[in-house]
Amino acid sequence: MNKLLFCLSFILISTSVWAETLTVPPHSVVRLMVSNREPNVIAVMNDRIVEANSAAGKLADKKATDSGALIFTTEETTPFSLYIETEKGFGFTVNAIPAKKSQGINISVMNTEAKADASAEDWEKTSDSYSQFITRTFMAAMNDNIPTGFVKNGRVNVNWQDAALNSFRFRNGVSFQGKNIRLLRVNIENKTTQPIQLNERVFWVPQTMAIAFNPTVNTLRPHEQVTLFLLIKEKPE
């Protein structure tokens, strides 16, 4: 496989440009409509793209940014495949559908199986007690600070109890992977016509370590929302 050229040409990509986020399992195929007029950008969260390969002549140019994102152009008019691999070994295939778009794609890929950094284990071991660990982890998450070493991934699916599914609507789930735990943040809304008393046991799933709500409320009125934080114990790697 040809290595990417780690240099920038005339293409300048601003970090403030909005990017669409896609959740992608390893070794899967993603169908994307790309521009054959303007540069296209693909990045992988918490990782760097090091390989990008397609059949000869399909890409007019390909380069990498300092942050490890892929910039490529194509003049093709028919679909083609682009295989992408990252520094951490995450690989997937893009089924590219060229179109005469005035703006190239800007895609941020989230690996569903992204692993925590080594420093995540330090976070899990440095608390003086179990309760302190739970408190500092929830406090970090509530202040929009990802615990040290944790990485964002797409593992947001949870087998909620029927009691939870019947009464609440779950939205905007985000998962952060630690060494031996997973932190889930999700907005919940009372979808019934009656006030509901919040009960942690309703949201309990296998291997749950702790649950917290932000803001801390006892009752949720119809259509009101709170953020649910869930710590789930996972098997050691």
Side-chain angles (χ1 to χ4, degrees), residues 16-26 28 30-32 43-46 105-116 120 123-124 130-235:
S16 62
V17 175
W18 177 83
E20 180 184 357
T21 299
L22 296 180
T23 300
V24 178
S28 62
V30 180
R31 186 175 184 270
L32 294 176
V44 177
M45 291 185 184
N46 311 301
I105 62 170
N106 189 1
I107 301 294
S108 180
V109 173
M110 187 188 309
N111 177 7
T112 58
E113 300 298 327
K115 304 298 183 183
W123 176 277
E124 297 177 23
Y130 180 82
S131 60
Q132 185 188 67
F133 163 71
I134 297 295
T135 300
R136 67 193 287 259
T137 302
F138 278 150
M139 289 301 296
M142 290 178 185
N143 288 304
D144 292 325
N145 295 321
I146 301 175
T148 303
F150 283 51
V151 295
K152 188 176 181 180
N153 65 20
R155 296 178 57 205
V156 297
N157 293 331
V158 175
N159 293 322
W160 301 109
Q161 301 178 50
D162 289 341
L165 294 173
N166 291 338
S167 300
F168 299 95
R169 186 173 289 110
F170 296 83
R171 292 174 172 161
N172 303 323
V174 180
S175 176
F176 300 97
Q177 185 66 47
K179 181 68 175 178
N180 297 311
I181 64 172
R182 180 159 58 106
L183 171 63
L184 180 68
R185 182 185 72 202
V186 59
N187 293 337
I188 60 172
E189 176 189 348
N190 177 0
K191 67 179 184 180
T192 74
T193 58
Q194 300 295 326
I196 299 177
Q197 184 175 0
L198 285 179
N199 186 333
E200 290 185 4
R201 288 177 296 178
V202 172
F203 304 99
W204 208 262
V205 298
Q207 303 304 313
T208 294
M209 300 172 64
I211 290 174
F213 302 103
N214 188 36
T216 302
V217 294
N218 294 320
T219 302
L220 210 58
R221 292 177 294 185
H223 306 299
E224 278 191 333
Q225 299 183 41
V226 296
T227 302
L228 168 69
F229 294 89
L230 183 68
L231 272 179
I232 301 173
K233 182 71 174 179
E234 302 208 315
K235 294 180 180 180

For the residue pair [X] and [Y], establish whether any side-chain heavy-atom pair is separated by less than 4.5 Å.
X: Pro195; Y: Leu220; result: no
X: Asn187; Y: Leu228; result: no
X: Asn180; Y: Glu234; result: no
X: Trp123; Y: Ile181; result: no
X: Val186; Y: Asn172; result: no
X: Arg182; Y: Phe150; result: no
X: Leu165; Y: Phe170; result: yes
X: Val226; Y: Leu198; result: yes

I need the [X] [atom1] to [Y] [atom2] distance, nearest 0.5 Å.
X: Leu22; Y: Leu32; atom1: CG; atom2: CG; value: 6.0 Å
X: Gln161; Y: Ser167; atom1: CD; atom2: OG; value: 11.0 Å
X: His223; Y: Thr193; atom1: NE2; atom2: OG1; value: 8.0 Å
X: Lys152; Y: Thr23; atom1: NZ; atom2: OG1; value: 9.0 Å
X: Lys191; Y: Asn166; atom1: NZ; atom2: CG; value: 6.5 Å
X: Met45; Y: Asn111; atom1: CE; atom2: CG; value: 11.0 Å

Applying salt bridge (charged side-chain N to carboxylate O under 4.0 Å, His left out), name anything that partners Glu113, two or more places apart in sequence or on another chain.
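So Glu113 forms no salt bridge (charged side-chain N to carboxylate O under 4.0 Å, His left out) with any residue.
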
If I compare all heavy atoms of [X] with all of [Y], which pair ends up nearest, and what's the gap?
X: Asn190; Y: Pro222; answer: ND2-N, 3.4 Å
X: Pro147; Y: Ala140; answer: CG-CB, 4.5 Å
X: Ala141; Y: Leu183; answer: CB-CD2, 3.7 Å
X: Pro25; Y: Ser28; answer: O-OG, 2.7 Å

A quick test of your reading: do over 12 heavy atoms of other residues, nucleotides or ligands sit less than 6.0 Å from CG of Asn143?
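Enclosed.
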
Would you indicate whether Asn145, at its atom CG, is surrounded by more than 12 heavy atoms from other residues, nucleotides or ligands within a distance under 6.0 Å?
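Atom CG in Asn145 is crowded, with more than 12 foreign heavy atoms closer than 6.0 Å.
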
Pair Asn153-Thr112, side-chain donor/acceptor within less than 3.5 Å:
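Thr112 and Asn153 do not have a side-chain donor-acceptor pair below 3.5 Å.
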
Distance-only donor-acceptor hits, side chain of residues 204-214, under 3.5 Å, sequence neighbours excluded:
from, atom 1, to, atom 2, distance (Å)
Thr208, OG1, Val205, N, 3.0
Thr208, OG1, Val205, O, 2.6

CA sep, side-chain torsions, deciding dist, call: Met142, Phe229, side-chain contact (heavy atoms from CB on, under 4.5 Å):
CA-CA 8 Å; Met142 290 178 185; Phe229 294 89; 3.6 Å; yes

Test Met110 against Val24 for side-chain contact (heavy atoms from CB on, under 4.5 Å), laying out the working first.
CA-CA 6 Å; Met110 187 188 309; Val24 178; over 6 Å; no

What residue pairs, at least two apart or across chains, pass salt bridge (charged side-chain N to carboxylate O under 4.0 Å, His left out) with a residue in residues 162-178?
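Found Arg169-Glu189, Arg171-Glu189.
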
Aromatic ring pairing Phe203/Phe168, orientation class (parallel under 30°, perpendicular over 60°, tilted between):
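Correct class here is tilted.
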
